[in-house]
Participant: 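One structure is given below, represented as C-alpha cells, and several questions about it will come after.
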Amino acid sequence: MALRILSIAVIGKHCQPLFVGDYTPSNARSRSIIKDQNSQREPALDDEDGCDITWHYVAHCSLDIFEERENGSQRPSDSYFGLLYSMDDYAVYGYTTNSGVRLVLTIGLVDVLIRDLDIKLVFRAIQNAYSAIQLNPFADIPESQDELALPIKSKAFRRAMDSIAGFERPRASIDRISRATGRLSHSQNS
C-alpha cells in the first residue's frame with residue numbers, strides 16, 4: 001500500500017519556507033469545487049496555493065528537532081533524520097540536503113507499517129525535483145549564501161510534488177469543461 005502523504009515542505013537553510021504543499025483529502029475536495037469570480041476563499045486556507053496553516057506549523061515545529069539533533073549527540077550519519085515526531089493521526093519525517101535545505105514529509109498514520117526505505121525513496125524524489133529547480137538557469141537563486149532564498153513558484157516543481165504525493169490538481173474550469181464536452185461529443189459519435 002502506498003504512503004498517504006499529507007504534506008511536503010521544503011525549508012531553506014535560513015529557516016524560511018520555500019514550499020509547503022497540502023495533500024490532504026479535504027484540500028483536494030475544496031480545490032475540485034468550481035468557484036465563480038465572486039466566491040470567497042476557504043477560511044482554513046492561508047496562502048495563494050491553498051495550503052492549510054497546519055502544515056506550516058508542522059514544518060516549523062520540525063525545525064526545532066532538526067537543530068536539536070544537528071547540535072546534539074544524536075547527529076545522524078547520513079542526511080536522513082528519520083521520524084522527527086508523531087501526533088495522533090500523522091507522523092513527521094525529516095531529511096536535510098548538503099546545502100542545509102531541510103525537507104519535511106508528513107505521513108498519515110494508517111494501520112500499515114511505514115518502512116524507512118519507502119520514506120527515503122520519497123525524500124530522494126523530492127531532492128531530485130528540488131535539484132532540478134536549482135539547476136534551472138532562469139531560477140531566482142540568491143547570489144550569496146547569506147541571502148534568503150525566494151519561495152519556489154515553479155509550476156514544474158509543484159507538478160513534481162503533486163506527482164510524488166499522488167495528488168492530481170484540477171486544472172482550470174474551462175479545460176475541464178472542454179475536455180468533458182469533447183468526451184461527450186466523442187462518445188456520442190461512437
Participant: Within this structure, what is the CZ-CG distance for the pair Phe157 and Asn136, rounded to the nearest 0.5 Å?
Facilitator: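 So the CZ of Phe157 and the CG of Asn136 are separated by 12.5 Å.
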
Participant: Would you say the side chain of His60 lies within less than 4.5 Å of the side chain of Pro17, judging by non-hydrogen atoms?
Facilitator: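 Yes. Closest side-chain heavy atoms under 4.5 Å.
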
Participant: Taking all atoms of both residues into account, what is the closest heavy-atom pair of Asn98 and Ser79, and its distance?
Facilitator: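 Of all heavy-atom pairs spanning Asn98 and Ser79, the closest is OD1-OG, 4.2 Å.
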
Participant: For Arg159, does its backbone N or O pair with a side-chain atom of Ser163 as donor and acceptor, under 3.5 Å?
Facilitator: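 Such a contact is absent between Ser163 side chain and Arg159 backbone.
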
Participant: Working to the nearest 0.5 angstrom, can you tell me the gap between Arg115 CZ and Leu121 CG?
Facilitator: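 Between atom CZ of Arg115 and atom CG of Leu121 there are 8.5 Å.
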
Participant: Just how far is it from atom CZ of Arg102 to atom CG of Leu84, taken to the nearest 0.5 Å?
Facilitator: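 Interatomic distance, Arg102 CZ to Leu84 CG, rounded to 0.5 Å: 10.5 Å.
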
Participant: If we only count heavy atoms from C-beta on, is the Leu105 to Ile119 side-chain gap below 4.5 Å?
Facilitator: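 Leu105 vs Ile119: side chains touch.
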
Participant: Identify the two heavy atoms, one from Met87 and one from Leu109, that lie closest to each other, and give their separation to 0.1 Å.
Facilitator: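 Smallest interatomic distance, heavy atoms only, reads O-CD1, 3.7 Å.
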
Participant: Which residue, Val122, Ile114, Leu3, forms the side-chain contact (heavy atoms from CB on, under 4.5 Å) with Tyr93?
Facilitator: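 Among Val122, Ile114, Leu3, the one that satisfies the side-chain contact (heavy atoms from CB on, under 4.5 Å) with Tyr93 is Ile114.
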
Participant: For the residue pair Ser7 and Asp22, establish whether any side-chain heavy-atom pair is separated by less than 4.5 Å.
Facilitator: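 Not in contact.
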
Participant: If you take all heavy atoms of Cys61 and Tyr85, which pair is closest and at what distance?
Facilitator: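 So the two residues come closest at CB-OH, 3.7 Å.
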
Participant: If we ignore angles and hydrogens, is there a donor and acceptor under 3.5 Å between the side chains of Asp162 and Tyr23?
Facilitator: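 Note: Asp162 and Tyr23 side chains meet the donor-acceptor criterion.
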
Participant: Apply the test ring-ring contact (aromatic ring centres under 6.0 Å, His included) to residues Tyr95 and Phe81: give CA-CA distance (whole Å), side-chain angles for both, the deciding distance (0.1 Å), then the verdict.
Facilitator: CA-CA 5 Å; Tyr95 184 92; Phe81 277 67; 8.4 Å; no

Participant: Measuring from atom CG of Leu6 to atom CG of Asp89, what distance do you get when rounded to the nearest 0.5 angstrom?
Facilitator: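 Between atom CG of Leu6 and atom CG of Asp89 there are 7.5 Å.
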
Participant: For a 4.5 angstrom cut-off between non-hydrogen side-chain atoms, does Ile11 reach Phe19?
Facilitator: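 Side-chain contact under 4.5 Å: no.
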
Participant: Can you find a heavy atom in the side chain of Gln16 that is under 4.5 Å from one in the side chain of Pro151?
Facilitator: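 No, every pair of side-chain atoms sits at 4.5 Å or beyond.
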
Participant: Would the distance check show the side chain of Ser86 and the main-chain N or O of Tyr90 forming a donor-acceptor pair, the cut-off being under 3.5 Å?
Facilitator: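 Flag not set: sc Ser86 to bb Tyr90 has no pair under 3.5 Å.
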
Participant: With a 4.5 Å limit on heavy-atom distance, are the side chains of Cys15 and Glu67 in contact?
Facilitator: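 Yes, their side chains come closer than 4.5 Å.
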
Participant: At their closest point, which heavy atom of Asp78 faces which heavy atom of Lys120, and how far apart are they?
Facilitator: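 Residues Asp78 and Lys120, closest heavy atoms: OD2-NZ, 4.1 Å.
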
Participant: Does any non-hydrogen side-chain atom of Leu103 lie less than 4.5 Å from one of Thr96?
Facilitator: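 Heavy-atom side-chain distance check fails, nothing below 4.5 Å.
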
Participant: Tell me, do Ile8 and Trp55 make a side-chain contact under 4.5 Å, heavy atoms counted?
Facilitator: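 No. Closest side-chain heavy atoms not under 4.5 Å.
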
Participant: Is there a chain of hydrophobic side chains (I, L, V, M, F, W, Y, each step under 4.5 Å between heavy atoms) that links Ile5 to Leu83?
Facilitator: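 Looking at the clustering, Leu83 is in the same group as Ile5.
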
Participant: How close do Arg158 and Gly21 get, heavy atom to heavy atom, and via which atoms?
Facilitator: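 Distance-wise, the nearest heavy atoms are NH1-CA, 4.4 Å.
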
Participant: Measure across Ala160 and Ala129 and return the closest heavy-atom pair with its distance rounded to 0.1 Å.
Facilitator: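 Heavy atoms only, the tightest pair is CB-CB, 3.9 Å.
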
Participant: Could you grab the distance from atom CZ of Arg124 to atom CG of Leu117, nearest 0.5 Å is fine?
Facilitator: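 Output value for this atom pair is 9.0 Å.
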
